[in-house]
Amino acid sequence: MSKLKAEDLLKYYEKTFHAALFISGNKEIAEDATQEAFLKAYNKLKRLHDPNKIGPWLAVIAMNCARDL
């Protein structure tokens, strides 16, 4: 994965959702947090220096969103 595209993010939906669910313990909150995480990740995609770390990066964003909700 040399250059990331928005479509590359979607491959990590399930893992991102489970990270948010782990923090929130609530399916609806996890869904909202996952959506918010993908929006934030899309807007900051160019800031990710190592494309190999996209999965953990998304998970951290999702967990932070779940905490905020």
Side-chain angles (χ1 to χ4, degrees):
M1 228 189 283
S2 60
K3 269 195 155 183
L4 289 172
K5 300 178 202 149
E7 300 84 37
D8 296 328
L9 295 175
L10 295 177
K11 297 175 187 174
Y12 297 92
Y13 177 83
E14 191 172 332
K15 288 183 180 184
T16 305
F17 171 76
H18 285 290
L21 184 61
F22 176 77
I23 295 298
S24 68
N26 180 292
K27 182 183 175 213
E28 289 79 18
I29 291 174
E31 289 171 347
D32 290 345
T34 301
Q35 181 176 1
E36 183 74 23
F38 275 95
L39 288 171
K40 287 182 178 186
Y42 176 75
N43 288 327
K44 297 180 182 189
L45 193 56
K46 292 180 182 180
R47 292 185 184 182
L48 181 64
H49 298 291
D50 186 356
N52 294 321
K53 295 182 180 177
I54 190 170
W57 181 65
L58 276 166
V60 169
I61 295 171
M63 289 188 290
N64 288 336
C65 288
R67 283 185 191 103
D68 291 344
L69 292 174

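As a basis for the values below, the full set of heavy atoms in this structure was taken, side chains included, without hydrogen atoms, waters or symmetry mates.
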* Structure fact -> Note: Cys65 and Ala33 closest approach over all heavy atoms is CB-O, 3.7 Å
Using distance only, find each side-chain donor-acceptor pair of residues 35-49 under 3.5 Å and give its atom names and separation, not counting sequence neighbours.
| from | atom 1 | to | atom 2 | distance (Å) |
| --- | --- | --- | --- | --- |
| Asn43 | ND2 | Leu39 | O | 3.2 |

* Structure fact -> When rounded to the nearest 0.5 Å, the distance separating CG of Leu58 from CD1 of Ile61 is 5.5 Å
* Interatomic distance, Thr16 atom OG1 to Lys11 atom NZ [nearest 0.5 angstrom] -> 13.0 Å
* Which pairs pass salt bridge (charged side-chain N to carboxylate O under 4.0 Å, His left out) with one or both residues in residues 53-69, sequence neighbours excluded? -> none
* Considering only Ile, Leu, Val, Met, Phe, Trp and Tyr, and joining two whenever side-chain heavy atoms are under 4.5 Å apart, list the other residues clustered with Val60. => Phe22, Ile23, Met63
* Structure fact -> Contacts of Asn26 meeting side chain to side chain contact (heavy atoms under 4.5 Å, CB included) (sequence neighbours excluded), chain-then-number -> Ser24, Glu28, Ile29
* For Lys27, check side chain to side chain contact (heavy atoms under 4.5 Å, CB included) against everything at least two apart and list the hits. => Phe17, Glu31
